[in-house]
**Student:** 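Would you mind keeping the following structure in view while I ask a few things?
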Amino acid sequence: MAVRPIIYDPDPILYKKCHPVTKFDKKLGNILTDMTQTMLDANGVGLAGPQIGYMRRVCVVLDTLDNDRIIEMVNPEVVETEGEQTGSEGCLSFPNKFGMVTRPRIVTVRAQDRNGEWFTVKSQDLTARAFLHEIDHLDGHVFTEKVTEYIHYDEEEDEAE
């Protein structure tokens with residue numbers, strides 16, 4: 001496993017649509033493993049291929065209902081959404097930038113695993129938000145496009161508490 005460098009805004013790669021994965025091999029498995037390590041090392045809850053310069057439809061998400069579970073999604077597609085939630089969102093490619101974003105509260109995603117097997121996963125709240133955030137990355141979209149209000153976070157103030 002290796003921690004890969006994260007690509008930061010305004011790099012144009014973050015705004016490009018990714019290609020579907022067609023080859024399920026050891027290289028793909030290594031990339032997914034590296035993505036998980038990179039996400040965890042950066043204290044993130046999700047990471048998409050373009051954030052490490054890999055322009056394929058792959059992402060990893062930490063299941064916030066079960067912190068030991070990493071959900072790897074290859075060629076993910078949103079099947080169904082329900083409800084609505086508004087909350088603070090950030091991104092590893094936009095350090096120290098946070099904003100209020102409204103997304104569906106419950107999301108069902110169909111995706112392939114690292115071996116090419118299809119599965120369906122349904123989640124809610126923060127994990128659902130992470131699914132949608134990462135899938136947006138695969139389509140060349142970033143969370144700042146959906147922010148209704150930016151949150152100013154003062155690290156010095158936080159440290160003083």
**Student:** What's the spacing between R69 CZ and D63 CG if we round to 0.5 Å?
**Tutor:**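 R69 CZ to D63 CG: 5.0 Å, rounded to 0.5 Å.
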**Student:** Is a salt bridge present between R103 and E89, judged by a nitrogen-to-oxygen distance below 4.0 Å?
**Tutor:** yes
**Student:** Assess the pair F143 and F94: is the distance between their ring centroids shorter than 6.0 Å?
**Tutor:** yes
**Student:** Taking atom types as modelled, find out whether R114 and T33 have a side-chain donor-acceptor pair closer than 3.5 angstrom.
**Tutor:**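 Their side chains do contain a donor-acceptor pair, which is all the 3.5 Å distance test asks for.
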**Student:** Would a single hydrophobic cluster contain both V101 and Y150, if residues Ile, Leu, Val, Met, Phe, Trp and Tyr are joined by side-chain heavy-atom contacts under 4.5 Å?
**Tutor:**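 In one cluster: yes.
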**Student:** Within this structure, what is the CD1-CZ distance for the pair I106 and F131, rounded to the nearest 0.5 Å?
**Tutor:**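 Here the interatomic distance stands at 12.5 Å.
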**Student:** For residues G44 and L62, report the shortest heavy-atom separation together with the two atoms involved.
**Tutor:** O-CD2, 4.4 Å
**Student:** Between T64 and D125, is there a side-chain heavy-atom distance shorter than 4.5 Å?
**Tutor:**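 Contact flag for D125/T64 side chains = no.
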**Student:** With the side chain counted from C-beta on, respond yes when D34 and V3 share a heavy-atom pair under 4.5 Å apart, and no when they do not.
**Tutor:** no
**Student:** I'd like to check V109 versus M73 (side-chain heavy atoms, cut-off strictly below 4.5 Å). Are they in contact?
**Tutor:** yes
**Student:** May I have the step-by-step check of side-chain contact (heavy atoms from CB on, under 4.5 Å) for V142 and D136, ending in yes or no?
**Tutor:** CA-CA 6 Å; V142 294; D136 277 354; over 6 Å; no
**Student:** Show the nearest heavy-atom pair for residues F24 and Q112, with the distance to one decimal.
**Tutor:**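 In terms of heavy atoms, the two residues are closest at CZ-NE2, 3.5 Å.
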**Student:** Please name the pair of heavy atoms, one in L132 and one in P104, separated by the smallest distance, quoted to 0.1 Å.
**Tutor:**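 Where L132 meets P104 most closely, the heavy atoms are CD1-CD, 3.4 Å.
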**Student:** Output the distance between atom OG1 (T86) and atom CD (E149), rounded to the nearest 0.5 Å.
**Tutor:** 11.0 Å
**Student:** In Å, rounded to the nearest 0.5 Å, how long is the span from CG of D41 to OG1 of T36?
**Tutor:** 12.0 Å
**Student:** Salt bridge check, E134 against R129: does any charged N sit closer than 4.0 Å to a carboxylate O?
**Tutor:** no
**Student:** What distance separates I135 CD1 from D139 CG, expressed to the nearest 0.5 Å?
**Tutor:**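 CG of D139 is found 8.0 Å from CD1 of I135.
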**Student:** Tell me whether the centres of the aromatic rings in H133 and H137 are closer together than 6.0 Å.
**Tutor:** yes
**Student:** Write down the atom of S123, the atom of A128, and the distance for their closest heavy-atom approach.
**Tutor:**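 Taking every non-hydrogen atom into account, O-CB, 3.7 Å.
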**Student:** Nearest heavy-atom pair of G49 and M35: which atoms, and what distance?
**Tutor:**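 Here G49 and M35 meet closest at N-CE, 3.5 Å.
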**Student:** Ignoring hydrogens and angles, write down the donor-acceptor pairs under 3.5 Å from the side chains of residues 7-21, residues two or more places apart or on other chains.
**Tutor:**
unit_1	atom_1	unit_2	atom_2	d
D9	OD1	Y15	OH	2.4
D11	OD1	I13	N	2.9

**Student:** Decide yes or no on side-chain contact (heavy atoms from CB on, under 4.5 Å) for V74 and D113, but give the supporting numbers first.
**Tutor:** CA-CA 6 Å; V74 179; D113 65 17; over 6 Å; no
**Student:** Step by step, work out the side-chain contact (heavy atoms from CB on, under 4.5 Å) result for L32 and V60.
**Tutor:** CA-CA 7 Å; L32 288 165; V60 294; 4.1 Å; yes
**Student:** With side chains defined as the heavy atoms from C-beta onward, is the minimum distance between I151 and M100 less than 4.5 Å?
**Tutor:**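 In contact.
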**Student:** Where do S93 and Q51 come nearest, in terms of heavy atoms and distance?
**Tutor:**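 The answer is OG-NE2, 3.0 Å.
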**Student:** So which of V107, V61, V45 actually passes side-chain contact (heavy atoms from CB on, under 4.5 Å) with T127?
**Tutor:** V61
**Student:** Is any side-chain heavy atom of L47 closer than 4.5 Å to a side-chain heavy atom of L92?
**Tutor:**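 Answer yes - side chains close enough.
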**Student:** For the CD1 atom of I31 and the CZ atom of R56, what is their distance to the nearest 0.5 Å?
**Tutor:**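 These two atoms lie 9.0 Å from each other.
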**Student:** Are any of the side-chain nitrogens in E77 or R110 under 4.0 Å away from the carboxylate oxygens of its partner?
**Tutor:**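 Here E77 pairs with R110 in a salt bridge, since their nearest N and O are under 4.0 Å apart.
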